[in-house]
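Remarks on the structure that follows.
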Amino acid sequence: MTRRTRVRFAPSPTGPLHMGGVRTALYNYLYAKKRGGDFILRIEDTDSQRFVPGAEEYIIEALAWCGISPDEGVENGKPVEVPSAKHPYAPYRQSQRKSIYRSYAEELVKNGYAYYAFDTPEELDAARSAAELKGEVFTYNFKVRENLRTSLSLPKEETLRLISDGSNWVIRFKMPENQIIKMNDLIRGEIEVNSSTLDDKVLWKAVDQLPTYHLANVVDDRLMEISDVIRGEEWLPSLPLHYMLYEAFGWNDVRPAFAHLSLLLKPDGKGKLSKRDGDRLGFPVFPLEWKNSEGEISRGYREDGYFPEAFVNLLAFLGWNPGTEQELFSLEQLTEAFSLERVVKSGAKFNPEKAKWFNQEYLRMKSTDQLALSFENQLKEKGISKDIGYITKVVDLVKERAVFVKDFWELSDFMFITPVNYDLKVKEKFWKDNTSEILDDIAAMLEDMDQFSKDAVEASLPVYIKEKGWQMGSVMNCLRLLLVGESKGPGIADIMALIGKEETLLRIRRKSLLP
RNA sequence: GGUCCGUUCGUCUAACGGUUAGGACUCAAGAUUUUCAUUCUUGCAAUAGGGGUUCGAUUCCCCUACGGACUACCA
């Protein structure tokens, strides 16, 4: 039986999408596209308490920035609430699918796979505290459910009365005793667990009269005909429950295949990558900038100057490799090369240095014209406007040195403004008693040049210095100090030709400003 | 505490029983560049530990250690 590959990325809109989440979405997307299938974006907003305004829009925008476009699912600015040709399984927001789930929960009760429980949160807290006092852990399972107030222990009339009385009930899955649950994971292989170690998970919540993740997830995956579930490792412990749910619904033959991705770990120390690590170590953990309700801003890869292609590339390589030595892949190439077999089982520590390296590689692949356009925008923000031809020449000169477009300024500010601060260490090292007169001499010589091109300067200046018997190192470095302000930048001739004769002479004659 | 998952250079990883354990990032050294950077070359650096299985284990099995996730009317 081969069925169409349909995968879903199903985030919860409780905040900005973490880069680990983007990676999960990416792997889902690559897997689906490789197999000619569908990638679906579903919003799992069954936790009414933790809903964060703007989070859903953020998720959609982040995926779009990465070039991951869902075939079906929620869209920004477009209502996707009723089924259509493009969105046959709409709605894709679980809060809008509310009415669907109740009957499935009740079906489970009717068939003896689930039951009503009337314990209040306070009672459960008390039970947990009591167990803790004895050094035990309270587990809601086959050992206790008959002794608690549930539809299993209470008389039928009492149960019915409690249900109709109010909303203070939940539906729990009746996890069987001592049953070996055999599961398969596409990345990890066979996994077995004894059902006695599991608990009776809540499927239907009293607080908001909504299903929990477990129920909604299984029901929606079935209804949306999902063939493969690729999700984070944090879901592995609830895989047995999900297997049991598929069995209880009689869906074993259409149960999706599962693959659990290892977590992204913090660069130093231990544990999973968190927002704090980014703040502490100085790199973004979110694809796009995010401003929370308190006005705190978390940086984003986009705003930090990463190219989306570079971000996607580096993310793909955190836990996957093509088996060859090629490291630079476009989204299309990734799609072609991707397979779950080559996904690594262990967690990957994120390495910000390598992330920069990826961006540098992509920057070099960009055309100078394109980079010049980006740089032009950044210059405008600084109040500097120069013609694009000039900017293009500058970019051409410093492109190889940059990691981000924003580095261009630091690398070439002297191409746009006359230096006002000078690195005195350079002066100390190279400035001699006669340097000032030499520079006057050179200025006069340059002034006499008919054409002031790079080649012309390169052909005449060093020769002139040699003929005069001056110390090349000393003169050139002092010249650079005056032109640039410090010991950096492209060749002297390149700089002179670009800023022009007039500006060159001006800068040399400003030597009187040197402290 | 319990359940499950994991463990190759500092980091990301390759090697699906036989390799001088390979590559990339970082770092170091040298060459080029009359600056800085780039580039090139070279180098440093790993199979967690202990038992098996096998002619032979990074690779298969077990134990230990370590790490992680989960253990909510959150996802």
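Every chain is numbered from 1 and lettered A, B, ... according to where its sequence line falls, protein lines coming before strand lines.
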| said: What's the gap between B/U20 and B/A46 when it is taken at their C1' atoms, as a whole Å value? | reply: 15 Å

| Is there a side-chain contact between A/Lys201 and A/Thr212 (heavy atoms, below 4.5 Å)? | no

| So do A/Phe329 and A/Glu336 actually touch side chain to side chain, heavy atoms under 4.5 Å? | no

| field | Inter-nucleotide C1' distance (B/G68, B/C55), Å rounded | value | 39 Å

| query | Does A/Arg231 make a side-chain N or O approach to OP1 or OP2 of B/C70 shorter than 4.0 Å? | reply | no

| said: Classify A/Gly271 by what it touches in the nucleic acid, base, sugar-phosphate, or nothing, heavy-atom distance under 4.0 Å. | reply: sugar-phosphate

| query | Rounded to the nearest Å, what distance is computed from the CD atom of residue A/Gln49 to the P atom of nucleotide B/A75? | reply | 10 Å

| query | Can a side chain N or O of A/Lys399 be found less than 4.0 Å away from OP1 or OP2 on B/U38? | reply | no

| query | Does A/Arg172 put a side-chain nitrogen or oxygen below 4.0 Å from OP1 or OP2 of B/C73? | reply | yes

| Student check: side-chain heavy atoms of A/Val219 and A/Arg97 closer than 4.5 Å | no

| note | So side-chain hydrogen bond (donor to acceptor under 3.5 Å, both in side chains) across residues 129-142 of chain A, not counting sequence neighbours, yields A/Asp119-A/Tyr140

| message | Can you identify which nucleotide, out of B/C70, B/A24, B/A75, has its nearest atom closest to the A/Pro237 side chain? | response | B/C70

| field | Whole-Å C1' distance, B/U33 and B/G67 | value | 47 Å

| request: Check every strand shown and say whether A/Asp119 touches a base, only sugar-phosphate, or nothing at a heavy-atom separation below 4.0 Å. | output: base

| remark: With the side chain defined as heavy atoms from C-beta on, A/Glu353 is closest, among B/A37, B/U26, B/A69, to B/U26

| remark: Across every strand shown, the nucleotide meeting Watson-Crick or G-U wobble geometry with B/A28 (both distances under 3.5 Å) is B/U42

| Watson-Crick or G-U wobble partner of B/C70, both distances under 3.5 Å | B/G2

| request: Would you mind telling me which of B/C73, B/C74, B/G23 lies closest to the side-chain atoms of A/Arg50? | output: B/C74

| request: Could you check if a side-chain atom of A/Leu41 sits within less than 4.5 angstrom of a side-chain atom of A/Tyr92, using non-hydrogen atoms only? | output: no

| query | Separation of A/Phe329 atom CZ from B/A24 atom C1', in whole Å? | reply | 13 Å

| said: Can you build the contact string for nucleotides 29-34 of chain B? Use B for base contact, S for sugar-phosphate-only contact, and - for no protein heavy atom under 4.0 Å. | reply: -----B

| What is the base-pairing partner of B/U54, counting Watson-Crick and G-U wobble geometry with both distances under 3.5 Å? | none

| said: By nearest heavy atom, map A/Gly491 and A/Pro11 onto RNA chain B; which one lands nearer the 5' end? | reply: A/Gly491

| request: Please state the P separation for the pair B/U54 and B/U42 - nearest whole angstrom. | output: 43 Å

| Just how far, in rounded Å, is P of B/U71 from CG of A/Asp200? | 15 Å

| note | Rounded to whole Å, CH2 of A/Trp235 lies from C1' of B/U3 at a distance of 17 Å

| Is there a side-chain contact between A/Ser330 and A/Glu309, using heavy atoms and a 4.5 Å cut-off? | no

| request: Please check if the side chain of A/Lys399 supplies one atom and the backbone of A/Lys366 the other of a donor-acceptor pair under 3.5 Å. | output: yes

| Mind checking who B/A65 pairs with, Watson-Crick or G-U wobble, both distances under 3.5 Å? | B/U7

| query | Only one of A/His242, A/Arg42, A/Arg255 forms a side-chain hydrogen bond (donor to acceptor under 3.5 Å, both in side chains) with A/Asp221, so which one is it? | reply | A/Arg42

| field | Whole-angstrom distance between B/C9 and B/C70, as gauged at atom P | value | 25 Å

| Any A/Trp290 side-chain heavy atom under 4.5 Å of A/Lys275 side chain | no

| request: Establish whether the base of B/C36 is bridged to the side chain of A/Arg480 by a donor-acceptor pair shorter than 3.5 Å. | output: no

| What do you reckon, is CG of A/Asn421 surrounded by more than 12 foreign heavy atoms closer than 6.0 Å? | no

| query | Can you tell me how far P in B/C74 sits from the matching atom in B/U64, rounded to whole Å? | reply | 36 Å

| said: Using atom P in both nucleotides, what's the gap between B/A14 and B/A24 to the nearest angstrom? | reply: 15 Å

| field | Pair A/Glu503-A/Thr418, side chain to side chain donor-acceptor pair (under 3.5 Å): steps then yes or no | value | CA-CA 8 Å; A/Glu503 176 71 13; A/Thr418 308; 2.6 Å; yes

| field | Comparing A/Gln94 and A/Glu234 on RNA chain B - which has the more 5′ nearest nucleotide | value | A/Glu234

| query | Under a 3.5 Å cut-off for both distances, is B/U59 Watson-Crick or wobble paired, and to whom? | reply | none

What pairs of nitrogen or oxygen atoms, one from the protein and one from nucleotides 5-14 of chain B, lie under 3.5 Å apart?
| unit_1 | atom_1 | unit_2 | atom_2 | d |
| --- | --- | --- | --- | --- |
| B/C5 | O2' | A/Arg188 | NH1 | 2.2 |
| B/C5 | O2' | A/Glu233 | OE2 | 3.4 |
| B/C12 | OP1 | A/Lys349 | N | 3.0 |
| B/C12 | O2' | A/Phe317 | O | 3.1 |
| B/U13 | OP1 | A/Gly319 | N | 3.0 |
| B/U13 | O3' | A/Asn321 | ND2 | 2.8 |
| B/A14 | OP1 | A/Asn321 | ND2 | 2.7 |
| B/A14 | O3' | A/Arg342 | NH2 | 3.3 |

| note | Testing B/U71, B/C73, B/A75 for proximity to the side chain of A/Asn168, the answer is B/C73

